[in-house]
Amino acid sequence: MREAGQAMVEQAGADEELLEAPARGSADELLDAGAHDALDAMRHSAAHVMAEAVLDLFPGAKLGIGPAIADGFYYDFDLPRPLTPDDLESIEARMRESIAAGHPFVRKEIPLDEARAVAEGQGQTYKVEILDDLARRAAEAGEPPPVTSFYEHGPFSDLCKGPHVASTGKIGPLKLLSVAGAYWRGDEKRPMLQRIYGTVWETDADLERYLWRRAEAKKRDHRRLGVQLDLFSFHDVSPGSAFWHPKGQTIWRTLESAMRELQLRRGYQEVSTPIVVSERLWRQSGHWDLYRDNMFLVESEGQTFSLKPMNCPESTFIYRSRLRSYRDLPLRFNEYGRLHRNERSGTLSGLTRVRQFIQDDAHIYVRPDQLADEIVALLGEVREAYGWFGLKPRFSFATKPDKAIGDPALWERAERLTIEAFAAADISYELKPKDGTFYAPKIDIYIDDALGREWQMATIQIDLTMLPERFDLTYIDEHGTEQRPIAIHRAIYGSLERFIGILVEHFAGAFPLWMAPVQAVIIPIADRHLEAARELAAVMRVRGLRVEVDASDGRMQNKIRLAQEQKVPYMMVLGDREIEARTASPRTRAGEQQPADGWEDLAARLAAESSARRPD
RNA sequence: GCCGACAUAGCUCAGCGGUAGAGCAGCUGUUUCGUAAACAGCAGGUCCUCGGUUCAAAUCCGAGUGUCGGCUCCA
């Protein structure tokens with residue numbers, strides 16, 4: 001990865017559109033600049049031009065940092081007053097002037113102490129801090145203070161590694177997007193700066209496409225569609241917790257029963273454990289020290305309880321409720337446990353960041369010799385379940401971090417068996433060295449949604465120590481001696497709330513037939529067709545289909561439009577012709593008219609289509 | 001939690017010191033209609049909450065609550 005990055009930077013440096021990157025300096029430093037290609041150089045250059053504009057409009061503004069980021073750039077400023085949307089317009093206008101002027105970017109090298117004196121003279125305290133850090137890092141590495149580089153364009157100069165485009169005129173079409181608060185260096189104990197986000201592209205068409213993508217994402221926003229489709233709502237009496245409406249709950253139950261069906265087939269046994277649990281349990285599990293701030297506490301009769309933030313410790317009580325034989329393993333306990341985590345108020349966001357949620361959680365207890373087979377099976381479960389939604393999971397494998405508990409030999413074995421399991425299941429994965437949890441190596445599962453956004457979804461953790469040792473789990477092996485099982489924590493949907501939120505956006509609310517809250521709407525043309533419409537609905541409901549009859553006195557065209565807006569997969573218009581022949585001709589939400597079919601046959605066909613759980 | 005913005009009818013939003021508005025949804029009536037919006041009428045609001053300024057506050061100021069954009073992509 002390092003090598004690839006370096007090669008890219010060198011390639012970029014060779015591009016004549018780019019100002020040459022510094023010859024000296026490690027690949028790491030170059031990577032830190034985030035300037036990987038021409039577009040990044042352009043974005044980083046735009047950040048400089050924005051800083052120029054801000055300094056011009058707000059003399060005395062202090063500069064933080066201004067890197068290129070995915071899709072654009074930002075720059076952090078310490079300003080005398082909060083910025084308004086009008087300010088963004090005038091800053092953008094000033095940037096256009098600088099771009100029109102076509103100032104060349106000029107690289108200057110200045111000894112560090114000299115640069116520091118200049119920055120201090122200008123009152124640029126954040127730049128001084130950066131320079132001091134550079135000096136300190138060099139000193140720690142036993143190197144002399146490095147020579148620093150500045151990039152100048154027109155009246156503006158900024159400490160910067162580069163590379164940049166040749167001149168401000170080479171900066172493509174841009175737009176400033178938003179202002180947000182950002183702590184200096186991401187540290188909440190440091191001053192809060194104002195961050196301006198912007199986007200730059202090589203062509204107008206690219207910019208348009210990006211803005212369209214943003215607008216599209218906004219239209220698909222699950223918080224918006226959740227209201228439109230009547231799925232769920234949020235209320236200030238319980239911030240961060242969804243109120244599920246009937247249709248949302250139907251989706252919920254449908255996903256849950258699909259997973260239950262899979263779990264039944266795979267030999268899981270469902271359990272349920274208390275939500276209010278004594279602090280004593282959390283002390284034993286270690287959560288009390290590490291996680292207490294995120295737990296809701298409840299006092300009763302002088303004892304402290306908490307709403308459980310995770311299920312895992314409690315499942316061990318069921319494991320230990322009797323003596324376990326090696327013949328009992330694997331034991332697969334799944335639980336749809338309701339969890340509460342007291343997330344900081346500012347981080348809450350729709351269904352994707354909540355305080356209360358339910359996981360399709362499971363804890364699987366295996367003998368070491370069963371681990372590899374179990375992981376292969378779990379990877380298969382993930383693939384199967386994600387196939388219901390047409391999602392293609394990508395896998396990563398995170399290994400033992402530096403601060404880890406437990407026997408190194410067990411770690412080594414678990415990691416080796418996991419890698420073998422990937423091979424056996426013929427699944428490729430990205431290795432993330434030292435990125436596991438302190439108690440377990442873990443497999444994380446990612447998907448890209450319909451808009452190309454990446455989401456971290458399921459997780460599989462191979463727990464060698466936390467549950468087995470802290471809760472003293474044992475089984476009796478074939479020689480009559482006590483052994484420690486391995487515990488696997490796994491969630492495939494993860495939080496159902498979050499998963500449904502992602503699905504709403506992925507499908508833009510047009511759910512596949514099998515999970516649509518209303519699968520078909522029957523539309524009688526006139527009142528005299530209502531009775532037959534109800535009959536057809538009954539025929540379909542017998543097959544387990546979720547069907548509604550639009551009995552309102554609106555016109556058929558309007559009923560179609562409403563069903564269309566609700567993204568109902570099938571509409572059946574019933575008039576004299578259909579009723580005479582006891583047929584119906586489904587109209588799909590894509591506008592396709594399917595051939596007429598007898599009621600029974602149609603119901604059977606749609607029911608079969610639904611139970612196939614196809615993603616389209 | 002912190003910074004900024006926002007909070008008006010069920011929904012989307014206008015009004016921004018002088019008696020609360022529109023479209024959609026709802027209700028009532030007329031219409032009974034062939035594949036994406038029939039017509040008319042009616043009803044609907046402690047303008048988020050509390051406090052302040054003012055002859056007068058949805059509008060200005062302060063506090064609180066909630067929501068939204070962000071807060072480790074480090075020259």
Side-chain angles (χ1 to χ4, degrees), chain A residues 22 25 29 31-36 40 44 47-48 51 63-76 79 81-85 112 115 119 124 126-131 133-134 146 148-151 158-162 177-197 218 221 223-224 227-228 230 233-240 293 342-350 523-530 552-565 571-578 585-589 591-593:
Chain A
E29 274 177 5
L31 278 173
D32 286 348
H36 287 170
D40 274 359
H44 188 52
H48 276 227
L63 304 181
I65 58 163
I69 56 174
D71 300 332
F73 62 94
Y74 69 76
Y75 213 116
D76 289 342
L79 296 170
R81 65 163 176 85
L83 291 168
T84 66
L112 193 142
Q124 291 293 354
Y126 302 103
K127 297 294 182 190
V128 170
E129 185 177 327
I130 291 164
L131 289 164
D133 274 6
L134 285 175
T148 62
S149 60
F150 279 71
Y151 280 81
D158 194 9
L159 172 66
C160 180
K161 262 187 300 208
L177 299 171
S178 60
V179 195
Y183 296 105
W184 170 235
R185 301 202 148 172
D187 180 348
E188 53 193 82
K189 294 189 185 67
R190 309 296 305 271
M192 171 79 63
L193 308 181
Q194 296 192 63
R195 173 171 299 178
I196 305 177
Y197 284 96
K218 205 173 170 186
D221 191 318
R223 291 166 297 195
R224 189 187 175 89
V227 173
Q228 267 173 36
D230 196 17
S233 54
F234 286 89
H235 302 278
D236 61 7
V237 291
S238 186
D293 289 347
N342 197 359
E343 304 286 356
R344 285 147 42 123
S345 56
T347 61
L348 301 176
S349 177
I523 298 174
I525 290 178
D527 286 352
R528 64 176 184 280
H529 307 126
L530 192 51
S552 71
D553 84 333
R555 296 175 69 209
M556 174 209 62
Q557 283 86 340
N558 189 235
K559 294 179 183 182
I560 289 173
R561 178 162 185 269
L562 292 177
Q564 200 77 45
E565 275 175 352
M571 285 151 251
M572 266 81 81
V573 174
L574 274 199
D576 294 333
R577 292 203 303 262
E578 287 81 4
S585 147
R587 177 198 206 276
T588 69
R589 64 188 158 202
E592 178 204 355
Q593 196 66 43

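Just so we're on the same page: letters track the sequence lines, and every chain starts at 1. Just so you know, these numbers come straight off a predicted model, no measurement behind them. Values reported hereafter were calculated over all heavy atoms of this structure, with side chains retained and with hydrogens, waters and symmetry mates removed.
Judged by distance alone, the side chains of Y75(A) and D158(A) do bring a donor and an acceptor atom under 3.5 Å apart.
Counting all heavy atoms, side chain and backbone alike, K559(A) lies closest to P524(A) at NZ-O, 3.3 Å. Smallest separation of non-hydrogen atoms from L63(A) and A51(A): CD2-CB, 4.2 Å. Of all the heavy atoms in R223(A) and S349(A), the pair that sits closest is NH1-OG, 3.3 Å.
Of the residues near RNA chain B, L193(A) and Q564(A), the one whose nearest nucleotide (by heavy atom distance) lies more toward the 5' end is L193(A). Toward the 5′ end of RNA chain B lies the nearest nucleotide of P82(A), the other residue of the pair R555(A) and P82(A) mapping further downstream.
For the C1' atoms, the distance from A58(B) to A9(B) is 14 Å, rounded to whole Å. Taking atom C1' in both U8(B) and A22(B), one finds a spacing of 12 Å when rounded to whole Å. As rounded to the nearest Å, C48(B) and C6(B) have P atoms that lie 13 Å from one another. Taking atom C1' in both G15(B) and U59(B), the straight-line distance is 9 Å, to the nearest Å. Comparing U46(B) with C50(B), their C1' atoms sit 12 Å apart, to the nearest whole Å. A distance of about 28 Å separates the P atoms of U28(B) and A36(B), rounded to the whole Å. C13(B) and C47(B) have their C1' atoms separated by 13 Å, with the value rounded to a whole Å. Taking the P atom of each, C39(B) and G34(B) are spaced 16 Å apart, rounded to whole Å.
Rounded to an integer number of Å, the gap from R561(A) CZ to U35(B) P is 16 Å. Between H44(A) atom NE2 and C73(B) atom P the separation is 15 Å, expressed in whole Å. Rounded to whole Å, atom P of C74(B) lies 10 Å from atom CD1 of I69(A). Separating the CZ atom of R577(A) from the P atom of U35(B) is a distance of 9 Å, rounded to the nearest angstrom. Separating the NZ atom of K559(A) from the C1' atom of G34(B) is a distance of 12 Å, rounded to the nearest angstrom. Note: NE2 (H529(A)) to C1' (U32(B)) measures 9 Å, nearest angstrom. If you take CD1 of I560(A) and P of U35(B), they are 7 Å apart, rounded to a whole angstrom. Put simply, CZ on R81(A) is 13 Å from C1' on G4(B), counting in whole angstrom units.
Note on D576(A): a base of the nucleic acid sits closer than 4.0 angstrom, heavy atoms only. Looking at heavy-atom distances under 4.0 Å, Q557(A) makes contact with sugar-phosphate atoms alone, never a base. Using a 4.0 Å heavy-atom cutoff across all strands shown, E578(A) reaches at least one base atom of the nucleic acid. Using a 4.0 Å heavy-atom cutoff across all strands shown, D158(A) reaches no nucleic acid atom at all. Residue contacts for Q194(A): at a heavy-atom cut-off of 4.0 Å it reaches no nucleic acid atom on any strand shown. Counting non-hydrogen atoms under 4.0 angstrom, N558(A) reaches the backbone sugars and phosphates but no base.
C73(B) makes up no base pair with any nucleotide shown, lacking Watson-Crick or G-U wobble contacts both under 3.5 Å. Using the Watson-Crick or G-U wobble rule with both distances under 3.5 Å, G66(B) pairs with C6(B). Pair assignment for G41(B): C27(B), on the basis of Watson-Crick or G-U wobble contacts that are both within less than 3.5 Å. Remark: G18(B) base-pairs with C55(B); criterion is Watson-Crick or G-U wobble with both hydrogen-bond distances under 3.5 Å.
Cation-pi contact between R195(A) and Y74(A): present, with separation from the ring centre below 6.0 Å and deviation from the ring axis of at most 45°.
OP1 or OP2 of A36(B) has at least one side-chain nitrogen or oxygen of R587(A) nearer than 4.0 Å.
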Check step by step if side chain to side chain donor-acceptor pair (under 3.5 Å) holds for R81(A) and Q194(A).
CA-CA 10 Å; R81(A) 65 163 176 85; Q194(A) 296 192 63; over 6 Å; no
Please test S585(A) against M572(A) for side chain to side chain contact (heavy atoms under 4.5 Å, CB included), starting from the C-alpha separation and ending with a verdict.
CA-CA 6 Å; S585(A) 147; M572(A) 266 81 81; over 6 Å; no
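Taking 4.0 Å as the cut-off between side-chain N and carboxylate O, E129(A) and R190(A) count as a salt-bridged pair. One finds a salt bridge joining D133(A) and R185(A) here, because a Lys/Arg side-chain nitrogen approaches an Asp/Glu carboxylate oxygen to under 4.0 Å.
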Take nucleotides 59-72 of chain B nucleotide by nucleotide from the 5' end and write B, S or -, depending on whether a protein heavy atom sits under 4.0 Å from the base, only from the sugar-phosphate, or from neither.
-------SSSBBBS
